[in-house]
Amino acid sequence: MKAKRLSKAPRLDRLTTLPQTIIETIICLLPIEEAARTSILSREWRYKWTTIPKLVFYKSTIKTSTKQITVKELRCKLFCAIHQVLLLRQAPILDFTLRISADDTYFEIDQIILHLSRNHTIMKLRLDFLGLSSYRLPLSFFSLRHLTDLYLEYCDIGHEPTFNGFGNRTSLSLSRPSISTKSLLHLLSNCPSLKSFRLFIDYEEFYGHERPNIMELFKSLPVIEHLTTWGYIAPLFVLDSVPQELPTSVIHLKHFCFEQMGIVNRDGYSFGLTFLLVLFKCSPNLERIKLEVDTDEDFDKGTLKLEEYSVIFENYSDVWLEHLNELKIQHFSNLKPELELVKFILARSPNLKKVILITWIDNKNEELELLNVLSHAARASQVEIVVENLWSESDSDDYKDV
């Protein structure tokens with residue numbers, strides 16, 4: 001009896017048989033140059049990379065040979081590659097990132113934004129110009145009406161505030177923008193669905209050195225849930241005076257992060273603490289608080305007006321943070337007002353689960369004393385308190401109390 005010859009079974013290409021959306025997700029995880037190389041895998045794969053919804057271009061996207069090329073030649077190659085990718089597109093681009101220095105390349109960037117505004121329904125856009133110079137946004141940028149998420153770094157938003165129609169935007173991040181107060185408030189007021197807002201700006205970056213006050217800011221954020229400010233923006237907003245009440249719109253606020261927040265200044269008093277307590281009072285749904293304390297280097301503890309701080313806390317004794325579950329304070333200096341703020345929150349947060357204090361304290365005995373003081377403070381809940389040293393390199397130097 002003759003043995004039957006086994007026929008060669010066709011090789012199973014499991015990757016190609018995956019749904020198109022999963023294939024696009026996988027290709028999106030690759031750098032754009034690697035995504036383009038998938039076109040050589042097979043005939044079926046030749047154009048799959050041209051339909052991925054997310055494109056990311058960095059300065060490092062273009063690989064250079066051992067031959068030295070100038071910065072201008074490198075930029076030319078990068079923009080040539082971007083235009084080639086855009087011309088080969090066979091599906092809408094929904095997510096676009098460009099991270100490059102903007103020196104002498106404004107025209108090329110303008111053309112890219114114009115193409116995106118005319119041919120694609122961009123929903124997520126990130127423009128990061130690496131801090132070498134500010135890129136002035138072209139008018140075509142304001143035609144990107146489908147944006148839901150926008151991240152701008154070192155951009156000049158200097159146009160007259162006549163644009164409108166950003167009703168879909170839910171997330172906005174402005175890092176070191178050049179902008180007028182009027183334009184900032186107009187931009188925010190034209191994002192009625194904005195739930196997440198991040199702002200990093202210095203005083204000098206406001207045109208004419210004007211700044212919005214805190215009332216104007218929150219009136220422009222009617223449904224805000226996540227708020228992050230850093231740089232010196234928090235002291236800018238609260239330098240002159242603090243209202244007793246903020247707009248009721250901040251009842252939606254769940255998470256906020258304030259970095260370089262001045263609790264105490266060199267005169268021994270700061271509107272920063274009052275501002276925080278006002279915000280607590282008007283944000284009953286707060287779930288997470290993160291603060292980075294900024295104390296002046298030449299601060300003299302002898303200038304502390306402790307009686308004034310006591311009055312401030314008494315004025316807000318009716319505050320109740322019913323939904324707060326986590327508090328984190330960085331650069332904690334263990335000054336009396338900072339310590340009293342932590343005690344204030346502990347006593348008014350029935351659902352607080354964890355408090356993390358990252359301190360400048362380099363004395364272990366002082367750290368243990370701090371933990372001891374807080375462990376005996378009034379608490380509205382069973383809470384874990386963690387004290388970490390800023391210079392600690394291992395968890396062995398951390399102290400906890402439950």
Trainee: Once you round to the nearest 0.5 Å, how far does CZ of Phe96 lie from CG of Leu144?
Mentor: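 Going from the CZ atom of Phe96 to the CG atom of Leu144 covers 11.0 Å.
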
Trainee: In terms of side-chain geometry, is the basic nitrogen of Glu326 or Arg288 positioned less than 4.0 Å from the acidic oxygen of its partner?
Mentor: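 Salt bridge between Glu326 and Arg288, a charged N being under 4.0 Å from a carboxylate O: yes.
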
Trainee: Locate the shortest heavy-atom distance separating Leu184 from Leu174; write the atom from each residue and the value.
Mentor: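 Closest approach of Leu184 to Leu174: CD1-CD1, 3.9 Å.
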
Trainee: Counting only heavy atoms not in Lys195 (residues, nucleotides, ligands), do more than 12 fall under 6.0 Å from its NZ?
Mentor: no

Trainee: How many angstroms lie between CD1 in Ile112 and CG in Leu98, if you round to the nearest 0.5 Å?
Mentor: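 Going from CD1 on Ile112 over to CG on Leu98, the span is 5.5 Å.
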
Trainee: Determine, step by step, whether Leu187 and Leu172 satisfy the side-chain contact (heavy atoms from CB on, under 4.5 Å) criterion, reporting the C-alpha distance in whole Å, the side-chain angles of both residues, the deciding distance to 0.1 Å, and the verdict.
Mentor: CA-CA 10 Å; Leu187 176 63; Leu172 174 63; 4.2 Å; yes

Trainee: Are the side chains of Pro53 and Asp95 in touch, meaning some heavy atoms are under 4.5 Å apart?
Mentor: no

Trainee: Phe129 vs Ser134, test: side-chain contact (heavy atoms from CB on, under 4.5 Å). Steps then yes/no.
Mentor: CA-CA 7 Å; Phe129 297 109; Ser134 289; over 6 Å; no

Trainee: Look at the rings of Phe280 and Phe256 and say which category their plane angle falls in: under 30° parallel, 30 to 60° tilted, over 60° perpendicular.
Mentor: parallel

Trainee: Is a side-chain donor or acceptor of Glu369 paired with a backbone partner of Asn365 at a separation under 3.5 angstrom?
Mentor: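 Pair absent, no side-chain N/O of Glu369 close to backbone of Asn365.
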
Trainee: Does the side chain of Val293 come within less than 4.5 Å of Leu335's, by heavy atoms?
Mentor: no

Trainee: Could you grab the distance from atom OG1 of Thr50 to atom CG of Leu86, nearest 0.5 Å is fine?
Mentor: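 Thr50 atom OG1 to Leu86 atom CG measures 12.0 Å (nearest 0.5 Å).
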
Trainee: Please report the shortest heavy-atom distance between Trp49 and Ala36, naming the atom on each side.
Mentor: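 Closest approach of Trp49 to Ala36, heavy atoms only: CD2-CA, 3.7 Å.
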
Trainee: In sequence, state the C-alpha distance, the side-chain angles, and the governing distance for Glu367 and Lys364, and then conclude on salt bridge (charged side-chain N to carboxylate O under 4.0 Å, His left out).
Mentor: CA-CA 5 Å; Glu367 281 190 5; Lys364 292 185 178 181; over 6 Å; no

Trainee: Heavy-atom distance under 4.5 Å between the side chains of Leu94 and Thr121, does that happen here?
Mentor: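 Side chain of Leu94 against side chain of Thr121, heavy atoms only: contact under 4.5 Å found.
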
Trainee: With side-chain contact (heavy atoms from CB on, under 4.5 Å) as the criterion, how do Asn315 and Leu277 come out once you've worked through the C-alpha distance, each side chain's angles and the decisive distance to 0.1 Å?
Mentor: CA-CA 9 Å; Asn315 289 339; Leu277 296 177; over 6 Å; no

Trainee: Hey, is the main chain of Leu368 close enough, under 3.5 Å, to the side chain of Asn372 for a donor-acceptor pair?
Mentor: no

Trainee: Out of Ile27, Leu41, Thr38, which one pairs with Lys48 under the side chain to side chain contact (heavy atoms under 4.5 Å, CB included) rule?
Mentor: Ile27

Trainee: Compare all side-chain heavy atoms of Ser317 with those of Arg348 and state whether any distance is below 4.5 angstrom.
Mentor: yes

Trainee: Do Ser171 and Tyr151 make a side-chain contact, defined as non-hydrogen atoms from C-beta onward lying under 4.5 Å apart?
Mentor: no

Trainee: Taking the side chain from Ser193 and the backbone from Gly167, do they hold a donor-acceptor pair closer than 3.5 Å?
Mentor: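 Yes; judged by distance alone, with no hydrogens or angles, the pair exists.
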
Trainee: Using every non-hydrogen atom in the two residues, find where Lys54 and Cys28 come nearest and quote the distance to one decimal.
Mentor: CB-SG, 3.8 Å

Trainee: To the closest 0.5 Å, what do you measure between CD1 (Ile329) and NZ (Lys290)?
Mentor: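 Those atoms lie 12.0 Å apart.
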
Trainee: With the side chain counted from C-beta on, respond yes when Leu55 and Ile82 share a heavy-atom pair under 4.5 Å apart, and no when they do not.
Mentor: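 SC-SC contact between Leu55 and Ile82 ruled out.
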
Trainee: Is it true that the side chains of Tyr135 and Asp110 contain a donor and an acceptor less than 3.5 Å apart?
Mentor: yes

Trainee: Using side-chain heavy atoms (C-beta onward) and a distance below 4.5 Å, is Asn334 in contact with Leu339?
Mentor: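 Yes, their side chains come closer than 4.5 Å.
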
Trainee: Can you name the nearest heavy-atom pair linking Asn351 to Glu322, along with the distance?
Mentor: ND2-O, 2.6 Å

Trainee: Would you please test His115 and His120 for ring pair (Phe, Tyr, Trp, His ring centres under 6.0 Å) and show each step?
Mentor: CA-CA 8 Å; His115 176 87; His120 299 279; 5.4 Å; yes

Trainee: How are the rings of Phe313 and Phe344 set to each other: parallel, tilted or perpendicular (split at 30° and 60°)?
Mentor: tilted

Trainee: Do Thr148 side-chain atoms and Met123 backbone N/O form a donor-acceptor pair below 3.5 Å?
Mentor: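 Yes: the side chain of Thr148 pairs with the backbone of Met123.
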
Trainee: Apply side-chain contact (heavy atoms from CB on, under 4.5 Å) to Trp45 and Ile23, showing your working.
Mentor: CA-CA 10 Å; Trp45 278 78; Ile23 292 176; 3.8 Å; yes

Trainee: Could you grab the distance from atom CG of Leu374 to atom NZ of Lys343, nearest 0.5 Å is fine?
Mentor: 7.5 Å

Trainee: Is Arg169 reaching over with its side chain to a backbone N or O of Pro192, donor-acceptor style, under 3.5 angstrom?
Mentor: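 Here the side-chain-to-backbone pair does not exist.
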
Trainee: Provide the closest heavy-atom pair for Ala380 versus Ala347 in the form atom of the first, atom of the second, distance.
Mentor: CB-O, 3.6 Å

Trainee: Look up atom CD1 in Ile358 and atom CG in Leu291, then write down how far apart they are to the nearest 0.5 Å.
Mentor: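 Those atoms lie 11.5 Å apart.
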
Trainee: For the pair Ser381 (side chain) and Lys353 (backbone), establish whether a donor and an acceptor sit closer than 3.5 Å, ignoring hydrogens and angles.
Mentor: no

Trainee: For Ile157 and Ile179, work out which heavy atoms get closest and say how close.
Mentor: O-CG1, 3.7 Å

Trainee: Between Leu327 and Leu346, is any pair of side-chain heavy atoms under 4.5 Å apart?
Mentor: no

Trainee: Please confirm whether the backbone N or O of Ser180 pairs with a side-chain atom of Ser183, one donor and one acceptor, at under 3.5 Å?
Mentor: no

Trainee: Please answer whether the main-chain N or O of Leu253 pairs with a side-chain N or O of Asn285 as donor and acceptor at a distance below 3.5 Å.
Mentor: no

